[in-house]
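Worksheet: one structure, shown below.
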Amino acid sequence: MNSYQIDKKLEPILDEMHQVGVKIDAHYLNDLSQKLGLKLLKLEEGIYNDIGHKFNVNSPSQLAKILYEELKIKPRDAGIKRKKTHHSTSATDLAKISHLHPAIEKILEYRELNKLKNTYLDPLPKLADKNSRVHTTYTVDTSTGRLSSKNPNLQNIPIRTDLGKEIRKAFVAEKGCKLLVADYSQIELRIAAHFSEDPTMISAFGRGHDIHRTTAEELGIDRRAAKTVNFGILYGISSYGLSENLKITPDEAQNLIDKYFLAYPKLAEYIAKTIKKAEETGFVETLFGRKREIPELSSPIDRVRKFGERVAVNTPFQGTAAEIIKLAMIEINKKLIGDRLTSIATSIDNRQSVDKRKTKNVTIDLPAGEAGDKRTAHNESRLILQVHDELVFEVPEDEIKQTTEIVRDIMENTVKLKVPIIVDIKTGKNWGELEKI
DNA sequence: TAGACTGGCGCC
DNA sequence: AAACGGCGCCAGTCTA
């Protein structure tokens, strides 16, 4: 099966995920929003006080004028770059100058709270149906083959900050059910190991080592920094980008990159070959044959060409990861439906009724005297969300064990790489409070 | 008033 | 100038 055939088989599954939706606790979100509203008012007042007058905190251009003109903070001294219209006021850049004025910390907090309120807390309850479920639309129109989610986007629900976790708790399981969350462990780095056949990577994954720890030991840096470097590799690393992320100089970053490729020489070779081949053919390919043209590679502009190189490196990793999870979705759906058919057929002792059931969540005709004439099948494990390397299921509590086994087996074994594929599974009553199985 | 653009930021 | 990959959504701003 190639990448395009995978997408075809995925279509009805995405359709169904859309129809089923995910349940949210709208009251909880509204309460949280109200509390946040009060806090935002206080922050706003404090900011005006510190600055000496009112202005629109949500306006980057007004803020830039105040910081870099009124307060005379020198952006160049702090390494803050100019945007098209003014100097940057992004969170990372504000952090560089937060010691220079008391308002800046408050502005950063205001930004965080306001973002979460406006993007999640307020819109989500309005999008819920009468059963309090929201229905995202998945599409496959990305350049790498990943899915995207919109109206609402359920692939960027907060998780990182404390408040973020609180928001995630609003995504809940139906009564009698739990959420089952299965996510691939470092799938893209495993794909990198597979493509490059780098012995150090293969052995680390083969022995079940923590790959970020391995990189940390190889480079003599801490795990957090190693993780950043590993991700950088997947994105088509540059010394400048890495230096920004690690808050080190580009020279130091280049040093780390050099060490990295000494530690993983076959990966270095793979990356070089991938770029070279992409320059020759004009495209790159994923494991299952999805092609992406990269015209940037023949640009006379250095910056554009460099971008093309990063795309050439990243796309096979990101695109292959997308294919692996799509195949798992297809196989899991098959298995879940098959099991339901079997159990229905068994329970009514009449295999002919199997044909009447096309998809889950439709009305099924049962012989009179069974449980009435019709019944809607809701008491079954259903795939409800996909977040790139993670699948979320809504599962009746008495099916947790068997669904866990099915999901793990299929996600880990549908595609075979030269390294093991590992899946972590957690369950809970909501998306924010999960316990590992 | 609608739409495009910009800066910014949530997620993987 | 200058962003290491992929998305979608927000408010502010500018323009037709």
| request: Return the nearest nucleotide to the side chain of A:N56; candidates are C:dC9, C:dC4, C:dG12. | output: C:dG12
| said: Rounded to whole Å, please give me the gap between CD1 in A:I191 and P in C:dG5. | reply: 18 Å
| message | Do A:T215 and A:N230 pair up side chain to side chain, a donor and an acceptor below 3.5 Å, judged on atom types alone? | response | yes
| task | Could you measure between the two C1' atoms, the one in B:dC9 and the one in C:dA1, and give it in whole Å? | result | 23 Å
| query | Taking the six-membered ring for Trp, are A:Y270 and A:F317 parallel (under 30°), tilted (30 to 60°) or perpendicular (over 60°)? | reply | tilted
| query | Residues from residues 141-151 of chain A sitting under 4.0 Å of DNA chain C, heavy atoms only? | reply | A:T142, A:S143, A:T144, A:R146, A:S148, A:S149, A:K150, A:N151
| query | Checking all strands, does A:A322 fall into the base, sugar-phosphate, or nothing category for heavy-atom contacts under 4.0 angstrom? | reply | nothing
| task | May I ask you to say what A:T228 touches in the nucleic acid, namely base, sugar-phosphate or nothing, with a heavy-atom cut-off under 4.0 Å? | result | base
| query | Do the side-chain N and O atoms of A:Q155 and A:S149 include a donor-acceptor pair separated by under 3.5 angstrom? | reply | no
| said: Taking side-chain hydrogen bond (donor to acceptor under 3.5 Å, both in side chains) as the cut-off, I'd like each qualifying pair that reaches into residues 320-330 of chain A, sequence neighbours left out, listed once. | reply: A:S3-A:E323, A:D7-A:K326, A:T286-A:E323
| task | To the nearest 0.5 angstrom, please state how far the NZ atom of A:K42 sits from the CD atom of A:E45. | result | 9.5 Å
| note | note: A:N314, atom CG; C:dA3, atom P; distance rounded to Å ~ 16 Å
| remark: Taking C:dG5, C:dG8, C:dC4 as options, the one with an atom nearest any side-chain atom of A:N156 is C:dG8
| request: Round to the nearest Å and state the distance from A:N58 atom CG to C:dC9 atom C1'. | output: 14 Å
Quick one: side chains of residues 73-85 of chain A, donor-acceptor pairs under 3.5 Å with protein atoms, not counting sequence neighbours, listed by atom name and distance.
residue : atom : partner : partner atom : Å
A:K81   : NZ   : A:Y240  : OH           : 3.0
A:R82   : NH2  : A:T85   : O            : 3.3

| request: Return yes if a side-chain donor-acceptor contact under 3.5 Å exists between A:R207 and A:S203, otherwise no. | output: yes
| In terms of side-chain heavy atoms, does A:R305 have a donor or acceptor partner in A:S299 at a distance below 3.5 Å? | no
| Rounding to the closest angstrom, what is the interatomic distance between B:dG7 and C:dA3 at atom P? | 12 Å
| request: Give a yes/no answer on whether the side chain of A:S238 brings an N or O atom under 4.0 Å of OP1 or OP2 in C:dC4. | output: yes
| query | Under 4.0 angstrom, heavy atoms only, what part of the nucleic acid is A:F307 near: base, sugar-phosphate, or nothing? | reply | sugar-phosphate
| query | Considering only C:dT13, C:dC4, C:dG6, which nucleotide approaches the side chain of A:Y235 most closely? | reply | C:dC4
| Just checking A:K115: base, sugar-phosphate only, or nothing, at a heavy-atom cut-off of under 4.0 Å? | base
| Counting only side-chain N and O atoms of A:R292, is one of them less than 4.0 Å from OP1 or OP2 of C:dG6? | yes
| said: Between A:H53 and A:E70, is there a side-chain donor-acceptor contact under 3.5 Å, judged purely by atom types and distance? | reply: yes
| request: Rounded off to whole Å, could you give me the CG-to-P distance for the A:L246 and C:dA3 pair? | output: 17 Å
| message | Can a side-chain donor-acceptor contact be found between A:S88 and A:D93 if the only test is distance below 3.5 angstrom? | response | yes
| message | Using a 4.0 Å heavy-atom cut-off, does A:I157 contact any base of the nucleic acid, only the sugar-phosphate backbone, or nothing at all? | response | sugar-phosphate
| message | Any side-chain N or O of A:R303 below 4.0 angstrom from OP1/OP2 of C:dA2? | response | no
| Any A:S61 side-chain N or O less than 4.0 Å from OP1/OP2 of C:dT13 | yes
| request: Identify whether any heavy atom of A:I233 sits under 4.0 Å from a base atom; if not, whether one sits that close to sugar-phosphate; answer base, sugar-phosphate or nothing. | output: nothing
| said: I'd like the 5' and 3' limits of the part of DNA chain B contacted by chain A, with heavy-atom contacts below 4.0 Å. | reply: B:dT6 to B:dC12
| said: Applying a 4.0 Å non-hydrogen cut-off, can you work out what A:E390 is touching in the nucleic acid: base, sugar-phosphate, or nothing? | reply: nothing
| query | In terms of side-chain heavy atoms, does A:Y28 have a donor or acceptor partner in A:E166 at a distance below 3.5 Å? | reply | yes
| request: Nearest whole angstrom, please: distance from the C1' of C:dC4 to the CG of A:L234. | output: 10 Å
Report all interatomic pairs (protein N or O, nucleotide N or O of nucleotides 14-16 of chain C) with separations under 3.5 Å.
none

| task | Rounded off to whole Å, could you give me the OH-to-C1' distance for the A:Y120 and C:dC10 pair? | result | 10 Å
| Between C1' of C:dG5 and CD of A:Q318, the distance in whole Å | 6 Å
| query | Distance only, no hydrogens: is a donor on one side chain within 3.5 Å (strictly under) of an acceptor on the other, for A:N255 and A:E252? | reply | no
| Same-atom distance (C1') from C:dC4 to B:dT6, integer angstrom | 22 Å
| request: Whole angstrom is fine here: how far is it from NZ in A:K84 over to C1' in C:dA3? | output: 12 Å
| request: Could you work out which one of C:dC9, C:dC10, C:dA1 sits closest to the side chain of A:P123? | output: C:dC10
| query | What residue pairs, at least two apart or across chains, pass ring-ring contact (aromatic ring centres under 6.0 Å, His included) with a residue in residues 126-182 of chain A? | reply | A:F171-A:W431
| message | Base, sugar-phosphate or nothing for A:T89? Non-hydrogen atoms, less than 4.0 Å. | response | sugar-phosphate
| query | Between the main-chain N or O of A:D409 and the side-chain N or O of A:N413, is there a donor-acceptor pair closer than 3.5 Å? | reply | yes
| message | Between A:N118 and A:N245, which residue's closest nucleotide on DNA chain C lies nearer the 5′ terminus? | response | A:N245
